[in-house]
Amino acid sequence: MAEDLTDFIRQRIRSDLADGLDGVVTRFPPEPNGYLHIGHAKSICLNFGVAEEFGGKTYLRFDDTNPLKESDEFVDAIVRDVEWLGFRWEGPTFASDYFDELYRFAEQLIERDKAYVCDLSAERIRATRGTLTEPGTESPWRGRSAAENLHLFRRMKAGEFADGACVLRAKIDMASPNLNMRDPVLYRIRHATHHRTGDAWCIYPMYDFTHCICDALEGISHSLCTLEFEDHRPLYDWVLDNIAVNYHPPQIEFSRLGLEYTVMSKRLFATLVDGGHVGGWDDPRMSTLAGLRRRGVRPAAVREFCRRIGVTKSENRVELEMLDFCLRKDLQTAPRAMAVLDPLRVVLVNYEGGGEVLAAPWHPQHLERGGRELTFSSTLYIEREDFKETPPRKYRRLTPNGMVRLRYGYIIVCEEVVKNANGDIEELRCRYVPESKSGSDSSNLKPKGVIHWVDAATAVAAEVRLLERLFDSANPTPATFRSALNTNSLRTVQAQVEPAAVASAEPHFQFERTGYFVKDERDHSAAQPVFNRTVSLRDSYNPKAGP
RNA sequence: UGGGGCGUCGCCAAGCGGUAAGGCACCGGGUUUUGAUCCCGGCAUACGCAGGUUCGAAUCCUGCCGCCCCAGCCA
């Protein structure tokens with residue numbers, strides 16, 4: 001598999017390798033505080049992708065330094081999703097694995113007079129940080145001796161202080177134009193049970209102190225992260241420059257994925273889940289990996305998508321069409337079946353056969369994959385949409401006295417439209433052309449259209465979930481995403497499905513002319529079939545264009 | 001009006017001083033018992049703007065303009 005990706009990160013790695021770097025080591029470092037989404041897939045494909053391409057390795061490292069938000073449930077979900085995408089990792093490791101070492105480095109910083117225990121409240125720290133245009137002011141505790149700081153820090157660790165009583169701060173520069181360098185907090189007190197270390201600790205290191213050290217300890221050759229951490233790089237470097245480590249990874253930033261009609265934040269997804277706006281983290285409308293999977297998206301499609309969007313430092317908002325293209329491309333090889341989503345009964349007035357069976361391949365371009373049998377009888381269902389009393393321009397389906405071919409079956413001609421008292425069409429009475437049987441057609445008739453159908457006698461009733469975008473707005477923001485929710489994002493219909501699709505062990509199907517569908521991983525059973533529409537088929541029907 | 005980034009076709013994105021790749025979308029046409037797939041063709045005299053350097057600039061320099069990120073004891 002020759003890769004030809006030339007993004008700036010790969011260029012940088014090639015250059016480092018040419019300069020003597022002895023191996024590529026990356027890491028994917030999620031906090032286990034939620035499920036992964038497709039934005040994470042971009043990072044996963046990048047980190048694991050470059051390691052694979054350059055013969056290196058990738059750590060799956062959980063950044064679990066905030067016990068209030070993290071849990072094993074999320075660890076398990078993340079492991080499952082990365083595995084699903086098809087990547088193999090070193091570890092997994094946890095930031096909490098390094099709590100002892102981290103603590104020792106913190107003491108080292110104190111001994112070197114590079115960190116101090118500050119008794120200011122959170123509010124005072126904020127107030128004295130200054131603003132974007134004004135420098136901050138130094139904490140009154142900044143001048144404490146190393147010995148006193150060490151003593152205090154040990155008491156913090158021993159649990160002698162309440163949450164918020166004090167913190168450990170880096171001693172850098174309160175006048176730095178970079179707010180992150182104005183004596184950032186390194187450790188805070190949290191009397192909370194950690195999902196892995198339990199109650200062993202009551203002080204927890206902050207991200208900026210933790211991440212760079214974990215990278216160094218694991219020998220990460222390229223620490224790839226998103227753009228919002230650019231301002232943190234000086235701090236990343238400062239920490240490693242001021243402790244006794246012999247290795248200092250470079251942090252390289254790229255832009256996160258923006259996708260139309262969705263949000264890209266674990267926090268916002270959590271809000272949707274907790275607020276009951278969706279069925280859970282794996283709701284098929286969610287752009288979480290679990291949601292995409294349940295919707296019927298396969299890992300190859302996600303990887304293809306990530307390959308196509310590239311890696312740069314530009315802000316971006318990718319159109320949904322790009323994702324849909326990748327889904328269809330991947331599913332193009334799925335077996336075909338017929339399902340009528342909105343059934344309209346058709347009675348063949350001149351059909352007297354019984355037990356007739358028609359042959360249909362699983363895939364029209366792969367006859368070697370065999371096929372299935374379709375029963376045929378005098379009562380069928382067709383798509384309500386496939387009949388129009390007054391056809392629009394360029395309509396190629398059934399009309400009064402018009403003819404159409406039933407896919408893999410016969411040509412039929414509509415002779416009568418039966419309506420109920422409300423004027424709604426209740427059934428169509430049609431004549432079939434006996435000599436037009438698919439494969440042995442001697443009728444010489446050339447109908448303009450071909451439609452899908454199922455035999456009412458053998459069709460299986462199924463719940464089909466038609467999923468639309470979760471938001472009406474192409475760009476929902478944290479401020480607007482509640483009001484931007486699309487209230488019609490889930491439409492459930494009672495469909496009639498060809499029995500072979502239900503009987504088959506295959507989960508993914510193209511229901512001809514209506515899209516790609518998957519058996520719902522939670523709710524589907526042979527007795528009560530439930531399908532989700534992964535993506536509709538491309539539709540170039542344009543009555544306004546052309547002749 | 002601090003600091004850090006980014007501005008190439010509707011969207012994504014190549015390009016790294018030698019005269020604008022590719023993909024998605026869109027528009028034509030062909031094949032087709034899925035208005036699908038597949039195939040062929042079209043689609044930036046132009047690179048945020050203005051100057052400058054150069055034989056030559058999207059690429060270098062200067063100055064503007066626009067957009068994004070940063071004031072958690074979150075990551």
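Every chain is numbered from 1 and lettered A, B, ... according to where its sequence line falls, protein lines coming before strand lines. Note that these values count all heavy atoms, side chains included, but never hydrogens, waters or copies made by symmetry.
Side-chain proximity of A:R190 to the nucleotides B:C74, B:G7, B:C70 is greatest for B:C74.
Contact annotation: side chain of A:R233 to base of B:G4, donor-acceptor pair absent below 3.5 Å. Residue side chain A:E319 reaches the base of B:G10 through a donor-acceptor N/O pair under 3.5 Å, judged by distance alone. Checked by distance alone, A:H232 brings a side-chain donor or acceptor within 3.5 Å of a matching partner on the base of B:A75.
Rounded to whole Å, atom P of B:A75 lies 12 Å from atom NE2 of A:H195.
Regarding contacts with the backbone of B:G72, a side-chain N or O of A:R126 is found under 4.0 angstrom from either OP1 or OP2. When the side-chain nitrogen and oxygen atoms of A:R328 are compared with OP1 and OP2 of B:C24, none of them lie within a distance under 4.0 Å. For A:T131 and B:A71, the shortest distance from a side-chain N or O to OP1 or OP2 is not below 4.0 Å. Contact annotation: A:S255 does not reach the phosphate of B:C68 (side-chain N/O to OP1 or OP2, under 4.0 Å). Taking 4.0 angstrom as the limit, A:R538 places a side-chain polar atom (N or O) nearer than this to OP1 or OP2 of B:C26.
Taking atom P on both nucleotides, B:A50 is separated from B:C65 by 15 Å, rounded to a whole Å. Rounded to a whole angstrom, the distance from the P atom of B:G4 to that of B:A13 is 24 Å. The P atoms of B:C43 and B:A20 are separated by 14 Å, rounded to the nearest whole Å.
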